[in-house]
Structure formats: structure tokens, C-alpha cells
2 protein chains.
Amino acid sequence: MTLLICTTCRAPGNDAPQETQQLAERDGARLLASACAASVPEGVAVEGVACLANCKRALSAAMVRRDGWTYVFGDLAPDSAADLLAGAALLANSEDGLMPWRGRPDVLKRGMVARIPPLSAKETR
Amino acid sequence: MTLLICTTCRAPGNDAPQETQQLAERDGARLLASACAASVPEGVAVEGVACLANCKRALSAAMVRRDGWTYVFGDLAPDSAADLLAGAALLANSEDGLMPWRGRPDVLKRGMVARIPPLSAKETR
């Protein structure tokens with residue numbers, strides 16, 4: 001599965017004017033760098049994306065598993081990389097394609113924004 | 001592409017106790033019924049899902065295009081079926097897999113919750 005971290009997000013309270021803040025300095029970009037530098041679990045790929053359009057609840061990330069559910073999380077913190085990777089491993093190893101609630105890091109419970117089911121096999125469009 | 005409408009959503013202001021309100025009577029279920037009864041555009045399939053976990057911004061819907069972006073919308077109204085179907089047609093016919101901003105119904109601009117990119121071809125997990 002793929003963990004997508006929004007690189008354009010700025011953390012609430014980061015009031016630096018947007019036009020003077022390089023993309024690489026954004027809180028979301030730092031969160032991505034932090035996740036990539038961590039020990040990424042087996043079966044998890046980490047990618048950056050600009051942007052997830054979940055700006056009202058930045059910082060933001062999504063998890064996509066081809067044969068499972070897709071998740072969107074918000075209200076993340078600049079230091080949420082380890083929690084994101086733990087949740088990604090839960091989803092990667094889930095038998096039913098859902099991320100279990102039990103064992104899920106708290107930030108991924110409070111920050112649940114949406115989940116989207118996999119398309120059924122009959123759906124080819 | 002597939003338009004997924006959350007059938008468990010209750011509209012803000014619907015204060016009927018959850019346990020006395022049958023699922024089929026939920027505002028989300030009515031929105032789904034309304035969309036199914038409307039003229040569904042070519043290339044669009046409509047399905048119900050319980051639930052999208054976007055409860056903070058109910059009513060809620062998602063749009064999934066296999067080779068394009070996935071969208072989550074919230075703050076929908078019980079009468080948003082026509083706007084949802086118009087947006088779904090825009091996404092179904094988009095050349096780059098993104099829903100164009102221009103021409104998008106206002107409720108799908110204000111109610112934008114998140115968008116998720118398609119997995120790259122190299123990503124098979």
C-alpha cells in the first residue's frame with residue numbers, strides 16, 4: 001500500500017506568509033522527509049503529493065491499498081511520521097482491507113477524515 | 001467512474017434519535033435514492049456505502065475513477081443529487097483524471113474535503 005503525505009500543508013500556527021515559504025520548508029514536506037528517513041515497514045511505499053485538498057484539517061495524509069479501503073487523515077502534527085507508518089503497516093497487513101481500530105495510533109483515530117471502499121471487481125470504469 | 005453516497009449520514013439539524021431512525025430513513029439514504037432516480041450520466045455508476053467516516057461534514061459522498069483522482073465531498077444537502085451527478089460527469093469525462101474547477105457545482109467547491117491521486121503504474125501493492 002502507499003502512504004501519501006501532502007507536501008503543501010502548513011501546520012496550524014505557522015503564520016509565515018505563504019509566498020515567502022518555499023515548498024521544501026512546508027510542514028508537510030518536513031513530515032514526508034521524516035517518514036522517508038524512518039524505518040518504513042514491509043509492504044509500505046511513501047510518496048509526497050501536492051496537494052490532498054484537505055487544507056481545513058492540515059497536516060494531511062492518505063493511505064491507498066489497491067485491494068482495500070482508502071483512508072484520509074487530518075489534524076496531523078509535524079512529528080506524526082511514526083504514527084502514520086504504524087497505521088500504514090496495520091492497513092498493509094489487514095486481512096479484510098480495512099484498518100483495524102484496535103491498535104491504531106490515537107492521532108489516526110482523532111484525525112480520521114474519510115474512508116473510501118475499494119471498487120467492486122465488476123466496476124471497470 | 002463510481003459515485004459513492006454515504007447512506008448512514010444524517011443531515012445537520014436532523015435530531016431524531018439515531019436508534020429510532022431506520023437506516024433507510026437516513027438523509028444519506030434518501031440522497032442515494034434521489035441520485036438513483038435521476039438521470040445518471042453515461043460512464044457514471046451510483047452506489048451506496050455505509051459509511052465514509054466523514055461524519056463531521058455530513059452529508060457525504062466520494063467519487064472514484066480507476067485511472068484518475070478520488071474525491072471526497074462533505075456538507076452536502078439532501079437535494080444535492082443533481083449537483084453530485086453533474087460533478088461525476090465532469091470527472092468521468094475529464095482528460096487528465098482531475099475534476100475541473102470550472103463548471104463544477106458550487107456545493108462541490110465549498111464541500112471539497114479531500115482528493116487522492118491515482119496510484120502510479122509502478123505501484124502494484
Side-chain angles (χ1 to χ4, degrees), chain A residues 1-9 40-58 60-75 88 91-93 97-99 101 108-125, chain B residues 1-9 40-58 60-75 88 91-93 97-99 101 108-125:
Chain A
M1 58 77 64
T2 303
L3 166 62
L4 294 156
I5 297 178
C6 185
T7 55
T8 46
C9 275
V40 176
E42 177 74 22
V44 176
V46 181
E47 291 183 19
V49 57
C51 77
L52 290 171
N54 182 36
C55 317
K56 287 185 185 178
R57 294 183 68 182
S60 183
M63 298 186 195
V64 183
R65 190 178 127 171
R66 203 176 281 283
D67 58 346
W69 288 61
T70 292
Y71 289 81
V72 181
F73 300 100
D75 303 330
L91 181 59
N93 295 314
L98 283 153
M99 185 187 296
W101 194 256
L108 303 186
K109 292 178 177 174
R110 291 192 309 270
M112 181 87 160
V113 169
R115 62 175 197 175
I116 302 134
L119 292 183
S120 55
K122 66 178 164 53
E123 176 60 65
T124 56
R125 284 178 287 210
Chain B
M1 56 77 65
T2 303
L3 167 62
L4 295 156
I5 297 178
C6 185
T7 55
T8 47
C9 274
V40 176
E42 177 75 20
V44 175
V46 181
E47 292 184 18
V49 58
C51 78
L52 290 171
N54 182 36
C55 318
K56 287 185 184 176
R57 295 182 67 181
S60 182
M63 299 186 195
V64 183
R65 190 178 128 174
R66 203 175 280 283
D67 59 345
W69 288 62
T70 292
Y71 288 81
V72 181
F73 299 101
D75 304 330
L91 181 58
N93 295 315
L98 283 152
M99 186 187 295
W101 194 256
L108 302 186
K109 293 179 176 174
R110 291 192 308 270
M112 180 88 160
V113 169
R115 61 175 198 175
I116 301 134
L119 291 185
S120 55
K122 68 178 163 56
E123 177 59 65
T124 56
R125 285 178 285 210

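Naming: A, B, ... by sequence-line order, numbering from 1 per chain. Any value given below was found using the heavy atoms of this structure, including those in side chains, with hydrogens, waters and symmetry copies removed.
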Exercise. Side chain, backbone, both or neither: which part of A:A50 has a non-hydrogen atom closer than 4.5 Å to chain B?
Worked result: backbone
Problem set entry | Which portion of A:I116 sits near chain B, non-hydrogen atoms under 4.5 angstrom | both
Problem set entry | Per-residue contact mode, A:C55 against chain B (heavy atom under 4.5 angstrom) | neither
For this session: State, to 0.1 Å, how close B:P118 and B:G68 come at their nearest heavy-atom pair, and which atoms those are.
Result: CB-O, 3.3 Å
Exercise. When you measure from the side chain of A:Y71 to the backbone N and O of A:M112, does any donor-acceptor pair fall under 3.5 Å?
Worked result: no
Problem set entry | Atom pair CG (B:N93) and CE (B:M1), whose distance is rounded to the nearest 0.5 Å | 10.0 Å
Exercise. Of all of B:P117, B:A62, B:C51, which one pairs up most often with chain A through heavy atoms under 4.5 Å apart?
Worked result: B:C51
Exercise. Can you tell me how far CZ of B:R115 sits from OG1 of B:T70, rounded to the nearest 0.5 angstrom?
Worked result: 12.0 Å
Exercise. Of the backbone (N, CA, C, O) and the side chain (C-beta and beyond), which part of A:V113 lies under 4.5 Å from a heavy atom of chain B, both, or neither?
Worked result: both
For this session: Using non-hydrogen atoms and a 4.5 Å limit, figure out which bit of A:S60 sits close to chain B: side chain, backbone, both or neither.
Result: neither
Seminar exercise, completed: Taken to the nearest 0.5 Å, the spacing of B:L4 CG from B:F73 CZ works out to 12.0 Å
